[in-house]
Amino acid sequence: MPTVSFRIEEEKKNRIDQLAAVQDRDRSYIINEALTAYLDLVDWQIEHIREGIRQADNEEFADPDDVAVAFARWKK
């Protein structure tokens, strides 16, 4: 695997090292897992944004009754 260098706050480095020790893993494993989780989350968000834009472009909007039902659920 390629090597990437970056600066990190001491507190974050210490937390990574603590997690690595508890999980009996090395620092690189913890950082790679965190980056994978972050990238997966951002990919998911971007896909949902694109889907929302597609729906808006196609004028696929919720009707007022559906919106009212959704808001009524949130108020409980």
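- Atom-to-atom distance recorded for Q18:CD and N14:CG is 6.5 Å, nearest 0.5 angstrom.
- Placement of V4 and M1 in two distinct hydrophobic clusters is found when ILVMFWY residues are connected by side-chain heavy-atom separations under 4.5 Å, directly or transitively.
- Counting non-hydrogen atoms of neighbouring residues, nucleotides and ligands closer than 6.0 angstrom, the CG atom of D43 exceeds 12 such neighbours.
- Rounding to the nearest 0.5 angstrom, the gap separating the CD atom in E51 from the NE2 atom in H48 is 8.0 Å.
- As a member of the Ile/Leu/Val/Met/Phe/Trp/Tyr network built from side-chain separations under 4.5 Å, F6 groups with I8, I16, L19, Y29, I30, I31, L35.
- The backbone N or O of D65 sits less than 3.5 Å from a side-chain atom of D63, completing a donor-acceptor pair.
- Atom CD of Q55 sits about 15.0 Å away from atom CZ of R50, to the nearest 0.5 Å.
- Side-chain contact between E33 and R25 is absent, with no heavy atoms from C-beta onward closer than 4.5 Å.
- Counting heavy atoms from C-beta outward, F61 and E59 have side chains that approach closer than 4.5 Å.
- Distance check, rounded to the nearest 0.5 Å: CZ of R15 to CD of E9 gives 10.0 Å.
- Put simply, the side chain of D40 does not reach to within 4.5 Å of the side chain of W44, judged on heavy atoms.
- No side-chain donor-acceptor contact under 3.5 Å links D66 to the backbone of A62.
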